[in-house]
Amino acid sequence: MNENGIKTFESGTTIAKYLRVRLSSGVLALAGASDTDCIGQCELDAVSGDQCPVRLVSKEGTAIAICNGAVALTDTLYAAASGKVATTGT
């Protein structure tokens, strides 16, 4: 059980803070638009081999994400390519 909603994983690539991530071969990778296995958002900038804290999707509260374009306060956000979110998608 993880009580604070943050868990550390090894990064498998360069990942910027607040991008959506998934596990691939046991290390962090950027989540794509169609990936259904996103585990959360990276909490710090990381390069391959770094230990990176991840805000798990199960953590309560508001999560910060990087959008691929302009967004309005009332927009619904969807998964987008390269770990980002978008105002369109499914």
Side-chain angles (χ1 to χ4, degrees):
M1 181 174 184
N2 185 295
E3 294 183 16
N4 69 359
I6 306 290
K7 188 168 180 180
T8 301
F9 299 91
E10 181 180 344
S11 177
T13 188
T14 299
I15 301 173
K17 186 176 182 179
Y18 303 132
L19 289 177
R20 297 176 317 101
V21 292
R22 60 190 282 275
L23 287 175
S24 176
S25 300
V27 295
L28 291 177
L30 292 174
S34 61
D35 290 329
T36 59
D37 57 351
C38 174
I39 62 168
Q41 290 87 11
C42 196
E43 289 288 294
L44 297 173
D45 292 335
V47 296
S48 185
D50 283 354
Q51 293 297 306
C52 182
V54 173
R55 183 192 191 281
L56 301 174
V57 295
S58 59
K59 181 173 173 57
E60 293 183 16
T62 302
I64 298 172
I66 305 298
C67 192
N68 68 357
V71 61
L73 181 63
T74 58
D75 286 343
T76 299
L77 299 178
Y78 302 91
S82 302
K84 296 181 180 181
V85 296
T87 57
T88 59
T90 56

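To the nearest 0.5 Å, atoms CD1 (I64) and OH (Y18) are separated by 4.0 Å. The line from CG of N68 to OG of S82 is 9.5 Å long, rounded to the nearest 0.5 Å.
Listed by first then second residue, pairs satisfying salt bridge (Lys or Arg N to Asp or Glu O under 4.0 Å) with a partner in residues 60-74 number zero, not counting sequence neighbours. Applying the salt bridge (Lys or Arg N to Asp or Glu O under 4.0 Å) definition to pairs two or more places apart or across chains, those involving residues 11-33 are R22-D35, R22-D37.
A16 meets the side chain to side chain contact (heavy atoms under 4.5 Å, CB included) test with L19, D45; sequence neighbours excluded. Every residue meeting the side chain to side chain contact (heavy atoms under 4.5 Å, CB included) condition with A46, not counting sequence neighbours, appears here in chain and number order: S11, D50, C52. Considering only residues two or more places apart in sequence or on other chains, T13 meets the side chain to side chain contact (heavy atoms under 4.5 Å, CB included) condition with I15. Applying the salt bridge (charged side-chain N to carboxylate O under 4.0 Å, His left out) rule to D75 yields no partners; only residues at least two apart in sequence or on another chain are considered. Every residue meeting the side chain to side chain contact (heavy atoms under 4.5 Å, CB included) condition with T8, not counting sequence neighbours, appears here in chain and number order: Q51, P53.
Here V71 is tied into one hydrophobic group with L77, V85, each link being a pair of ILVMFWY side chains closer than 4.5 Å.
Residues R55 and A63 approach most closely at NH1-CB, 3.6 Å, considering heavy atoms. For A79 against G32, the heavy-atom pair with the smallest separation is CB-O, 4.3 Å. When all heavy atoms of A31 and C38 are compared, the pair lying nearest together is CB-CB, 4.2 Å.
Residues L44 and L30 do not share a hydrophobic cluster, clusters being chains of Ile/Leu/Val/Met/Phe/Trp/Tyr side chains in contact below 4.5 Å. Under the 4.5 Å side-chain heavy-atom criterion for grouping Ile, Leu, Val, Met, Phe, Trp and Tyr, V27 is not connected to L23 through any hydrophobic cluster.
At a threshold of 4.5 Å between non-hydrogen side-chain atoms, the residues V54 and K7 do not count as touching. In this structure, the side chains of V21 and F9 stay at 4.5 Å or more apart for every pair of heavy atoms.
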